[in-house]
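What follows is one structure encoded as structure tokens, with my remarks underneath.
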Amino acid sequence: MMAIALLKRIPSLLIVLFGVTVLTFFMSALSTVDPAEAFARRTLLNPTPVQIADIRQGMGLDQPVYQQYLNWLVHSLTGDLGESLLTRNAVSSDIADKLPMTLSLVAASMFWVILLTIPVSIFGALRKNSFWDHLISGFTILGISLPSFWLGFLLLLIFAVTFPIFSVVESGSIRSFILPSLSLALPIAASTIRLFRATLLSNLNKDYVLYAKARGLSMRTIMWKHVLKNSLPPLITLFSQYLGYMVVGSAVVESIFSWQGIGTHLVNAIIARDLPTVNGCVLVIAVIFVISNIFADMFNLALNPRLKFGGNTPA
């Protein structure tokens with residue numbers, strides 16, 4: 001039954017991928033900057049209009065936009081994302097080099113998000129309206145308000161300049177993950193803590209909690225065996241959405257910490273009008289987002305089998 005439920009989601013997810021590629025490709029075509037001219041000025045000294053026209057023809061940019069998209073789509077289905085105009089390497093090769101760095105950063109950030117969200121939310125829900133609950137709410141509002149780039153500079157100022165625990169530029173060690181992953185994770189953790197706390201409080205007011213209390217179960221047992229189980233599905237869905245967001249949002253954090261991942265690579269490609277790389281990176285990020293949503297569906301179905309039948313009665 002789980003496989004059937006997931007198969008029903010695949011068409012809609014494929015439509016999302018198709019829509020993302022269409023929007024990216026056609027919005028890039030609306031730019032007033034000519035990719036052929038930008039490439040010519042980077043590679044040639046005082047290029048002539050004839051040379052620019054030849055480069056444009058060689059890139060296939062003289063064709064209608066819809067024909068360019070169809071050509072790109074056919075090649076991308078075979079794994080050929082074209083050649084980077086910036087590095088002159090295959091786009092797929094550049095992405096394969098950069099993606100592991102970003103995924104490792106996102107994985108470290110997601111570790112912090114999970115580590116902070118679940119225990120802090122439970123602690124706040126069990127002590128509603130207490131001093132600690134208000135303190136947690138204050139910190140979450142502050143965390144949501146802090147942009148990742150400002151938080152990154154702040155962490156560098158404190159832990160690399162004022163207290164030199166970390167060097168400004170580190171790579172290849174566990175310590176190198178701490179500051180950039182925290183910069184990416186803390187604003188997201190602040191948001192998920194508020195959501196998960198509200199979900200826990202909503203479930204604590206359900207009838208099945210009153211019934212469990214009447215049976216003499218302790219609040220700890222009720223929380224861990226019943227309330228937590230029924231509160232996790234929306235949190236898991238949110239985590240999957242934030243996973244795609246962190247891959248995209250990592251560009252700013254990567255720039256601050258000189259982290260050579262796909263985010264920085266995408267920003268450099270946009271600045272250089274490297275359309276093959278832009279389209280390839282966006283496609284890969286969209287695929288990651290779709291896969292994370294499929295994983296969230298699988299996890300939710302395993303956690304609560306009623307979801308596949310459309311039921312929502314808590315266990």
Side-chain angles (χ1 to χ4, degrees), residues 6 9-29 31 35 59-60 65 68-111 113 148 177 180-181 184-185 188 237-255 257-298:
L6 291 175
R9 289 290 313 276
I10 290 179
S12 61
L13 295 175
L14 290 177
I15 292 174
V16 170
L17 282 178
F18 176 74
V20 167
T21 59
V22 169
L23 285 175
T24 304
F25 202 94
F26 283 87
M27 289 182 68
S28 298
S31 174
M59 292 180 176
V65 177
Q68 296 179 40
Y69 174 75
L70 290 176
N71 293 339
W72 177 84
L73 183 63
V74 170
H75 285 90
S76 64
L77 290 175
T78 64
D80 180 13
L81 298 177
E83 182 181 292
S84 171
L85 306 181
L86 187 61
T87 65
R88 307 304 295 166
N89 299 325
V91 172
S92 57
S93 176
D94 286 339
I95 292 176
D97 290 338
K98 306 293 184 180
L99 187 59
M101 291 292 291
T102 296
L103 292 181
S104 61
L105 176 61
V106 169
S109 301
M110 187 57 72
F111 168 78
V113 172
S148 293
F177 284 88
S181 62
L184 195 59
I188 294 174
T237 302
L238 188 64
F239 279 164
S240 69
Q241 294 173 351
Y242 274 130
L243 186 63
Y245 166 79
M246 283 194 290
V247 174
V248 178
S250 64
V252 176
V253 175
E254 288 177 358
S255 300
F257 293 93
S258 300
W259 198 271
Q260 298 301 314
I262 193 173
T264 302
H265 189 56
L266 175 58
V267 171
N268 292 336
I270 293 173
I271 295 174
R273 291 292 295 157
D274 185 355
L275 294 187
T277 297
V278 172
N279 294 325
C281 288
V282 171
L283 175 61
V284 170
I285 292 171
V287 168
I288 293 173
F289 182 82
V290 167
I291 291 176
S292 64
N293 275 274
I294 292 176
F295 174 77
D297 290 341
M298 293 175 61

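Side chains included, hydrogens not; waters and symmetry mates left out as well; all remaining heavy atoms used.
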Walk me through it: do Leu103 and Ile288 pass the test side chain to side chain contact (heavy atoms under 4.5 Å, CB included)? CA-CA 10 Å; Leu103 292 181; Ile288 293 173; 4.1 Å; yes

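Closest of all the heavy-atom pairs between Val282 and Thr24 is CG1-OG1, 3.2 Å. A pairwise comparison of heavy atoms in Gly60 and Gln68 identifies O-CG, 3.4 Å as the closest pair. Nearest heavy-atom pair across Ser84 and Asp274 is OG-OD2, 2.6 Å. In this structure, Arg273 and Pro35 approach most closely via the heavy-atom pair NH2-CG, 3.6 Å. Summarising the geometry of Val91 relative to Glu83, their closest heavy-atom pair is CG2-C, 3.8 Å, with the distance given to 0.1 Å. In terms of heavy atoms, Ile262 sits closest to Cys281 at CG1-SG, 3.9 Å.
Looking only at side-chain heavy atoms (C-beta outward), Phe289 and Val20 stay at 4.5 Å or farther from each other. Looking at heavy atoms from C-beta onward, Thr277 lies out of side-chain contact with Leu85 at the 4.5 angstrom threshold. Side-chain contact check for Asn279 versus Leu81: every heavy-atom pair is 4.5 Å or farther apart. The side-chain heavy atoms of Trp72 and Leu283, taken from C-beta on, include a pair separated by under 4.5 Å. Proximity of Ser148 to Val252: side-chain heavy atoms (C-beta onward) are nowhere separated by under 4.5 Å.
Interatomic distance, CZ of Arg88 versus CG of Asp94, reported as 11.5 Å (0.5 Å rounding). In this structure, CG in Leu99 is found 8.5 Å from CD1 in Ile285, a value given to the nearest 0.5 Å. A distance of 11.5 Å separates CD in Gln260 from CG in Asp97, rounded to the nearest 0.5 Å. Taken to the nearest 0.5 Å, the CG atom of Leu184 stands 11.5 Å off from the OH atom of Tyr242. From Thr78, atom OG1 reaches atom CG of Leu73 across 10.0 Å, with rounding to the nearest 0.5 Å. Expressed to the nearest 0.5 Å, how far CD of Glu254 lies from CG of Leu105 amounts to 6.0 Å.
In this structure, Trp259 and Phe177 have perpendicular ring planes: the angle between them is above 60°, well past the 30° mark. Taking the six-membered ring where the residue is Trp, Tyr69 and Phe26 present tilted rings, their angle falling between 30° and 60°.
No option in Leu266, Val284, Val106 other than Val106 meets the side-chain contact (heavy atoms from CB on, under 4.5 Å) test with Val247.
In terms of modelled atom types and a separation under 3.5 Å, the side chain of Ser109 and the main chain of Ser181 share a donor-acceptor contact.
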